[in-house]
Amino acid sequence: MAYTAVVTGASGYVATEVVKQLLEKGYNVRGTVRSLSKKEKVEHLELLSAALPGKLTLHEADLLKPGSFDEVVKGADYVFHTASPFFTDVEDPMRDLVEPAVHGTQNVLSSVAKSKDTVKRVIQTSSFAAIVKTTAGPQNGKLYDEEDWNNESKPDKDGGYRYSKTEAEKAGWEFSKKEGVSLVCINPTFVLGPVVSKRVDATSIMHFKGFIEGTFTKIMPYQIDVRDIGRAHVRAAELPEAHGRYLTSHASTCSTKTLSDILSKRFPQYKFPEGEDTPSKEIIDNSKVQKELGIKLHDLAETYIDMATTLIQNGIAKPVPK
Ligand SMILES: NC(=O)c1ccc[n+]([C@@H]2O[C@H](COP(=O)([O-])OP(=O)(O)OC[C@H]3O[C@@H](n4cnc5c(N)ncnc54)[C@H](OP(=O)(O)O)[C@@H]3O)[C@@H](O)[C@H]2O)c1
């Protein structure tokens with residue numbers, strides 16, 4: 001019998017990939033979205049559902065509304081909690097980032113607590129933001145790993161997102177301990193790779209589209225392919241021995257000059273920003289996710305080319321002709 005999985009924030013960039021991989025494997029997927037009437041946010045999910053073996057149903061739920069997830073979680077086998085605001089520039093970091101991230105996690109997990117008889121595991125999308133310490137660096141003095149916790153961000157304009165992800169992950173672990181529910185966290189660095197929807201409001205998509213169009217050049221240097229993140233989520237659910245956090249990333253930073261060179265070679269008809277030639281630096285120990293979840297990372301050149309190709313062919317990004 002097919003398993004039933006809930007994916008919160010199903011229409012988002014990362015969640016869409018999780019939904020896609022679950023549908024490919026024949027799962028019954030219950031995706032939550034804030035509003036079913038926003039067709040532009042959900043139509044790509046309906047198309048995926050029509051094309052793949054699994055079955056998808058969409059349900060309205062809001063992170064800030066207590067009890068909002070009760071019905072959708074009832075009877076599910078797995079809950080993938082990916083919904084959380086990911087913006088770097090907000091008016092009020094507490095209101096716009098921290099509250100939905102933390103209360104949202106508590107709300108989703110309290111719905112899980114009411115369905116403990118069926119839910120085998122919660123997979124929470126955390127972030128490298130809950131790990132990285134920009135001032136102190138990794139605690140072992142060498143590479144970041146799953147033992148590192150970001151204890152330096154504040155809920156202000158600069159650190160609001162990082163703070164929101166740290167506190168949301170802590171809320172997840174507290175809940176798991178208190179309620180005895182199995183939890184695994186996936187901690188990605190900056191996610192890039194093919195885009196399925198026509199949405200442009202995800203930070204990953206906005207930044208990469210900006211680079212392609214020559215209007216934005218500050219792409220974060222530590223990166224991971226969205227397909228690897230999707231796979232890490234699914235494996236974290238399916239492998240009974242999966243446990244704790246999984247820092248999911250390439251080990252070394254990649255410069256915007258390298259990105260520019262890769263795009264220029266593949267798309268010689270377009271002009272891309274030159275980028276900055278910063279040296280590549282190994283900063284992350286990614287051995288746990290590779291060994292325990294068996295994730296073989298996509299080559300970043302493939303990630304960049306597939307992201308640019310899908311953005312251009314979907315009419316989302318308009319690169320500058322030479
Ligand atoms: N992209 C990255 O580089 C990256 C890296 C590390 C971790 N992450 C994590 O991955 C997850 C997904 O991020 P993403 O990059 O896929 O961004 P995204 O496309 O903007 O997705 C965010 C999702 O959260 C939902 N959401 C936000 N506020 C909500 C609320 N109040 N109630 C219900 N849903 C709400 C959004 O719903 P709507 O569809 O209604 O807008 C959207 O589906 C987040 O937890 C993020 O922190 C992302």
Side-chain angles (χ1 to χ4, degrees), residues 6-20 31-45 58-66 68-69 72 80-88 90 95-108 111 122-132 150 160-169 171-172 185-209 219-230 232-233 245-250 284 303 307 316:
V6 174
V7 181
T8 68
S11 61
Y13 176 49
V14 168
T16 291
E17 181 62 30
V18 175
V19 169
K20 180 167 173 268
T32 77
V33 293
R34 266 184 286 188
S35 167
L36 284 169
S37 63
K38 298 216 165 116
K39 276 280 155 221
E40 72 287 359
K41 287 196 176 184
V42 295
E43 62 186 355
H44 66 283
L45 294 175
L58 293 175
H59 309 256
E60 279 186 355
D62 196 303
L63 290 175
L64 292 165
K65 225 193 251 171
S68 199
F69 294 86
V72 75
F80 295 86
H81 176 41
T82 71
S84 201
F86 176 25
F87 299 110
T88 45
V90 293
R95 182 197 64 197
D96 301 335
L97 296 169
V98 181
E99 281 166 20
V102 177
H103 295 164
T105 298
Q106 288 161 341
N107 277 337
V108 170
S111 300
V122 175
I123 300 85
Q124 182 173 342
T125 314
S126 186
S127 175
F128 183 50
I131 287 181
V132 66
N150 168 12
Y161 173 68
R162 276 174 276 143
Y163 183 84
S164 78
K165 293 306 287 181
T166 307
E167 294 306 304
E169 193 187 327
C185 286
I186 305 296
N187 298 63
T189 48
F190 196 52
V191 183
L192 297 171
V195 175
V196 176
S197 80
K198 295 218 163 130
R199 289 184 65 169
V200 288
D201 54 346
T203 294
S204 293
I205 297 171
M206 281 192 288
H207 286 193
F208 203 80
K209 165 181 158 65
I219 304 287
M220 278 182 235
Y222 21 79
Q223 301 157 358
I224 184 66
D225 193 293
V226 69
R227 293 164 289 196
D228 300 331
I229 290 301
H233 279 74
R245 318 166 89 190
Y246 288 95
L247 175 48
T248 310
S249 177
H250 281 275
I284 284 168
T303 303
M307 187 162 195
I316 297 170

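Counting starts at 1 for both ligands and their atoms, following the listed order.
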Neighbouring residues of ligand 1, heavy-atom cut-off under 4.0 Å: Gly9, Ser11, Gly12, Tyr13, Val14, Arg34, Lys41, Ala61, Asp62, Leu63, Thr82, Ala83, Ser84, Pro85, Phe86, Thr125, Ser126, Ser127, Tyr161, Lys165, Pro188, Thr189, Phe190, Val191, Arg199, Ala202, Ser204

With Lys41 via side chain to side chain donor-acceptor pair (under 3.5 Å) - residues at least two apart: none

Counterpart residues, side-chain contact (heavy atoms from CB on, under 4.5 Å), relative to Pro221 (two or more places apart): Thr253

Qualifying residues under side chain to side chain donor-acceptor pair (under 3.5 Å), relative to Glu167, sequence neighbours excluded: Lys170

Donor-acceptor pair, side chain of Thr8 and main chain of Thr82, under 3.5 angstrom: yes

Side chain to side chain contact (heavy atoms under 4.5 Å, CB included), paired with Glu17, selected from Val195, Asp228, Val226: Val226

Thr248 side chain to Tyr246 backbone, donor-acceptor under 3.5 Å: yes

